[in-house]
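Each remark here refers to the structure printed beneath this line.
Keep in mind that what you see is a predicted model, and the values were worked out from it rather than measured.
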Amino acid sequence: MTDIAVVPARHRFNWANFFRRVGWLETVGIAGVLLITLVALFAPWLTPFDPQLRVDAAYLPPTMAHWFGTDEIGRDLFSRVILGVQYTWLPGLGVIVFSLVFGSIIGLVAGAAGGRIDMVIQRVIELFLVLPSTLIALAVVAALGPGLFNTMIAIAIFWWPWYARISRDEIRRLQTRPHVEAARVAGVRGPRLLLRYLLPGAIPSLLVAATLDVANIIMTMSLMSFLGLGQPAPAPELGAMTSRALDSLTVYWWLPILPAVVIFFMCLLANLAGDGIRAALRGA
């Protein structure tokens, strides 16, 4: 009787262990991130007033009628901040998704191919990593012109190499694992080997890196907006709202402070969620 090579079953993700490893503070972060995402998705329907129209007298302090007060025109600041979450959060997630997918593919190719292809890709990755990414991104946006899409392009250009390096290193490490060696002995080759036996093992590390990068992306996009390189006025970007009202800090403190506080809590919740996911996926 001919022996049949049996490929060991791949590790199944255990959702019970995932939630057991997440602490209460990290759970708050994950819940906060989900809430922010829902607010960003449905922001136009959640604003109590039209963010672009005058609804009351200018420079009203926070009250029960206007939770964040009104701005220099008389627009409801709370409504503008809600819409500003959409302008900041969703593009940030878009940059993360693009960089993660593109970088993972490049790293997968480098790790699987090896040899000269791997060497060339590594040199390209290192070139991007040693460049001052924030300064170059500012130059790219200045050259392309202010705008949300141009800001996303400038940031994504210099963010994908981090995921490419992680993906490449994980693929190289996984190639010597027993289940991958057994798959090769069983005749599994090419794309099937990459997609079924190598890429799933790299996903936890990539996911942890992506979740921890959300706050960095949000801060970078807010910085671009603060410097006037985001969506032109009157778009309610949080960074731009803080920048335009900075001169009023000592008089109308709520105009620059409250949008900045929202950015702070977005980054805080994103970091807590990233820490929770990192703890939960450790050893996955």
Side-chain angles (χ1 to χ4, degrees), residues 31-96 137-138 141-142 144-155 214-271:
V33 165
L34 294 177
L35 179 61
I36 293 172
T37 304
L38 290 176
V39 170
L41 289 173
F42 299 103
W45 296 276
L46 296 176
T47 54
F49 300 95
D50 191 321
Q52 307 296 354
L53 297 180
R54 176 174 180 168
V55 296
D56 212 324
Y59 296 119
L60 289 180
T63 61
M64 291 301 295
H66 303 287
W67 291 358
F68 284 10
T70 59
D71 63 7
E72 69 279 3
I73 299 176
R75 297 172 296 193
D76 182 65
L77 188 60
F78 181 69
S79 300
R80 291 180 61 77
V81 166
I82 289 179
L83 198 59
V85 171
Q86 184 183 66
Y87 275 85
T88 303
W89 186 260
L90 294 184
L93 294 184
V95 172
I96 287 286
L138 290 172
V141 176
L144 295 177
L148 187 59
F149 186 70
N150 292 344
T151 300
M152 295 173 63
I153 292 175
I155 298 175
V214 172
N216 294 328
I217 290 287
I218 297 301
M219 285 298 297
T220 304
M221 296 200 66
S222 298
L223 172 63
M224 298 280 198
S225 176
F226 184 87
L227 296 175
L229 298 176
Q231 196 77 356
E237 283 191 320
L238 299 178
M241 292 167 64
T242 301
S243 175
R244 288 195 291 264
L246 205 55
D247 294 338
S248 306
L249 177 61
T250 58
V251 183
Y252 309 112
W253 58 268
W254 58 90
L255 294 180
I257 290 296
L258 294 181
V261 168
V262 172
I263 295 174
F264 168 77
F265 276 105
M266 289 169 60
C267 295
L268 176 63
L269 292 172
N271 278 330

- State which residue, out of L41, V214, V39, fulfils the side chain to side chain contact (heavy atoms under 4.5 Å, CB included) condition with W89. V214
- Rounded to the nearest 0.5 Å, how far apart are CG of L223 and CD1 of I155? 8.5 Å
- Query: When you measure from the side chain of S243 to the backbone N and O of G239, does any donor-acceptor pair fall under 3.5 Å?
  - Reply: no
- Can you check whether Q86 reaches L83 side chain to side chain, under 4.5 Å on heavy atoms? yes
- CG-CG distance between L238 and L258, expressed to the nearest 0.5 angstrom: 11.0 Å
- Heavy-atom nearest pair, P48 first then I82, reads CD-CD1, 4.4 Å
- Message: Measuring only between side-chain heavy atoms, which start at C-beta, is L246 closer than 4.5 Å to F226?
- Response: yes
- Item | Heavy-atom closest pair, residues A270 and A215 | CB-N, 4.0 Å
- Item | Donor-acceptor pair, side chain of R75 and main chain of L77, under 3.5 angstrom | no
- Count the heavy atoms of every other residue, nucleotide or ligand shown that sit under 6.0 Å from CG of D50, and state whether that count exceeds 12. yes
- Item | Side-chain donor/acceptor of T242 to backbone N/O of P259, under 3.5 Å | no
- Task: Can you measure from CG (D71) to CG (D76) and round to the nearest 0.5 angstrom?
- Result: 9.0 Å
- Message: Any heavy-atom pair between the side chains of P62 and W254 that's under 4.5 Å?
- Response: yes
- Report the distance from atom OG of S248 to atom CD1 of I257, rounding to the nearest 0.5 Å. 11.5 Å
- Task: Give the minimum heavy-atom separation between I263 and S222, together with the two atoms involved.
- Result: CD1-OG, 3.7 Å
- Message: What's the separation between atom CG in N216 and atom CE in M221, rounded to the nearest 0.5 Å?
- Response: 13.5 Å
- May I ask you to decide if G84's main-chain N or O and T88's side chain share a donor-acceptor pair within less than 3.5 Å? yes
- Query: Side chains of E72 and R244: closer than 4.5 Å at any heavy-atom pair?
  - Reply: no
- Minimum heavy-atom distance between P256 and L249, given as atom pair plus value: CG-CD1, 3.8 Å
- Taking C-beta and beyond as the side chain, do M241 and L255 meet within less than 4.5 Å on heavy atoms? no
- Message: Can you confirm whether V33 sits close enough to M266 that some side-chain heavy atom of one is under 4.5 Å from a side-chain heavy atom of the other?
- Response: no
- Message: Is the shortest side-chain heavy-atom distance between Y252 and D247 below 4.5 Å?
- Response: no
- Task: Measure across I73 and A58 and return the closest heavy-atom pair with its distance rounded to 0.1 Å.
- Result: C-CB, 4.1 Å
- Message: Check whether T70 reaches the backbone of Y59 with its side chain - one donor and one acceptor, N or O, closer than 3.5 Å.
- Response: yes
- Looking at side-chain heavy atoms only, is the closest gap between R80 and Q52 below 4.5 Å? yes
- Check the angle between the aromatic planes of H66 and F49 and answer parallel, tilted or perpendicular using the 30° and 60° thresholds. tilted
